Protein chains: 2
Amino acid sequence: MSRQADTPGSFDIDADYKPLRDRVRDELRQRIIDDVYPPGTRLVETEIAAQLGVSRLPVRESIRALESEGFVRTIPRRGAVVAELSEQDVEELFDVREALEVLASQQAATRATKAELRRVRGILDRARKALDSGDRVALGEANEAFHDEILKLSHNVLLQTVLEPLQGRLHWLLRQTGDPYDLFEEHSAWFEAIASGSAELAAEHALRHARLNREIVRKLLAERQHRAPSA
Amino acid sequence: MSRQADTPGSFDIDADYKPLRDRVRDELRQRIIDDVYPPGTRLVETEIAAQLGVSRLPVRESIRALESEGFVRTIPRRGAVVAELSEQDVEELFDVREALEVLASQQAATRATKAELRRVRGILDRARKALDSGDRVALGEANEAFHDEILKLSHNVLLQTVLEPLQGRLHWLLRQTGDPYDLFEEHSAWFEAIASGSAELAAEHALRHARLNREIVRKLLAERQHRAPSA
DNA sequence: ATTAGGGATACGGTATACAGGATCCTAAGA
DNA sequence: TCTTAGGATCCTGTATACCGTATCCCTAAT
């Protein structure tokens with residue numbers, strides 16, 4: 001079913017049309033996140049274009065988009081490379097994430113509908129199942145989905161557009177550093193705070209969760225650096 | 001091992017080279033902010049390209065960039081138009097701005113150097129002079145510069161890249177709604193809070209300032225809507 | 001007036017070309 | 001042997017030209 005609740009007069013605009021540049025961007029982002037292109041990899045326009053069977057143009061536009069999302073860094077006349085996250089980058093990522101996720105959580109608490117809350121509960125169930133069955137991949141996915149959903153509950157479009165790429169990078173980072181550790185209890189408690197409708201409580205939990213998360217990542221990074229001393 | 005941070009021999013790589021796309025983007029952004037292209041204006045690639053004497057490519061890339069900054073909206077296969085800020089957009093802008101400016105202010109309080117603080121004080125002086133001489137344009141510029149500087153004091157690169165486009169849109173909005181009202185006392189007090197080094201105090205002032213600002217813009221918008229009832 | 005055609009327009013994408021910066025390789029020189 | 005100059009090569013940045021097709025706009029017929 002393509003069209004969604006459209007306005008009376010509006011006819012049938014091929015709603016799920018997506019420009020090629022967007023599909024290419026999504027593909028490349030996925031490859032970066034999946035570590036097909038590890039940090040430092042050069043992204044050569046002609047190569048990617050040939051490989052994906054498209055022209056250079058959509059590839060260029062994709063790369064620019066990923067640049068603005070922070071996944072790649074471009075040096076004029078030299079091209080794009082997959083970003084390496086420095087320690088400072090990570091800290092900044094958490095700083096901003098923390099501030100925005102608190103906001104998202106507050107707004108979610110006051111704005112989420114019952115139907116939305118049900119959906120999020122469903123995701124938590126998925127996480128629980130994945131946890132029980134020891135399916136790390138599914139658990140990771142459920143965790144990511146959980147954050148995305150909270151964000152949607154805020155009903156704040158700008159917040160979503162700003163925070164989503166940051167979450168993306170965070171997830172990317174987590175996949176680099178290790179496997180999805182157990183966040184189930186944390187997420188559950190946070191969710192209940194939101195569901196309670198108290199912005200204050202929701203903010204408190206968001207903050208706690210973000211800080212806990214930051215600590216965990218810090219430890220993982222420290223370990224990694226220990227294992228692989230100065231590149 | 002390839003050479004990175006090479007040093008001694010590092011010859012000057014044309015540091016201030018700027019890709020055409022960036023210059024076009026800056027030019028277009030300026031035109032939007034200056035109301036040369038009022039909200040709703042269609043941005044036709046070929047027109048702009050011809051007018052600026054460049055090919056369609058850099059123009060396309062510029063438009064995409066402005067899209068990700070929120071200045072234009074593009075509808076697939078229809079092209080880009082200068083964004084109209086809805087009431088909700090404005091509220092969201094302030095929501096996010098508020099959260100991030102509080103963070104910026106906190107970090108500025110703990111990280112700003114004496115030299116930086118001096119520079120900001122200089123901007124405040126400029127604002128004071130502009131205020132005294134009744135130069136509204138200079139006052140507006142000083143106000144914008146003040147916010148930009150506070151942001152830099154945070155020493156948080158990500159925060160700057162995220163918040164800057166939002167500030168840009170806010171300034172744009174302010175120019176649409178009216179003239180720069182007197183923020184001097186507000187800014188001064190806020191600045192002193194930052195200079196005091198207390199993150200808590202700085203956060204408090206940032207929040208207060210952001211909220212005051214929001215109220216003012218709300219009033220201006222309400223007035224405007226009164227003057228120009230439903231388009 | 002309303003509606004249905006039927007261009008005209010402009011986007012989205014492809015293909016091609018080319019200048020010049022960046023990089024790499026190699027061979028000559030210290 | 002190590003360094004360095006030089007040229008070959010790669011790749012980006014930009015320009016052109018061109019096509020398909022979705023949209024828009026104007027006009028004419030009902």
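Each chain gets a letter, A, B and so on, in the order the sequences are listed, and its residues count up from 1. Computed from a predicted structure; not experimentally measured.
With hydrogens and angles disregarded, a donor-acceptor distance shorter than 3.5 Å links the side chain of Arg169(A) to the backbone of Glu69(A). Side-chain atoms of Asp35(B) never come within 3.5 Å of backbone atoms of Pro38(B) as a donor-acceptor pair (strictly under, hydrogens ignored). Under a 3.5 Å cut-off, the side chain of Arg111(B) and the backbone N or O of Gln106(B) do not form any donor-acceptor pair.
When rounded to the nearest whole Å, the span between CG of Leu57(B) and C1' of dA17(C) equals 13 Å. Going from atom CG of Leu52(A) over to atom C1' of dG13(C) covers 14 Å, rounded to whole Å.
For the pair Ala80(A) and Val72(A), the tightest heavy-atom approach, listed with the atom from each and the gap, is CB-CG2, 4.3 Å.
Only at 4.0 angstrom or more do the heavy atoms of residues 22-30 of chain B sit from any atom of DNA chain D, so none qualifies.
Looking at Glu92(B) and Gln88(B), their side chains do bring a donor and an acceptor atom within 3.5 Å of each other. For the 3.5 Å distance criterion, the side chains of Gln107(B) and Asp95(A) qualify, holding a donor opposite an acceptor.
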Identify each atom pair where a protein N or O and an N or O of nucleotides 10-12 of chain C are less than 3.5 Å apart, giving names and distance.
from    : atom 1 : to       : atom 2 : distance (Å)
dC11(C) : OP1    : Glu45(B) : N      : 3.3
dG12(C) : OP1    : Arg77(B) : N      : 3.2
dG12(C) : OP2    : Arg64(B) : NH2    : 3.2
dG12(C) : O3'    : Tyr17(A) : OH     : 3.3
dG12(C) : N7     : Arg56(B) : NH2    : 3.1

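A side chain to side chain donor-acceptor pair (under 3.5 Å) with Glu27(A) is found for one member of Gln30(A), Arg29(A), Arg31(A), Arg25(A) and no other, namely Arg31(A).
Taken from CD1 in Ile63(A) to CZ in Phe71(A), the straight-line distance is 14.5 Å, to the nearest 0.5 Å.
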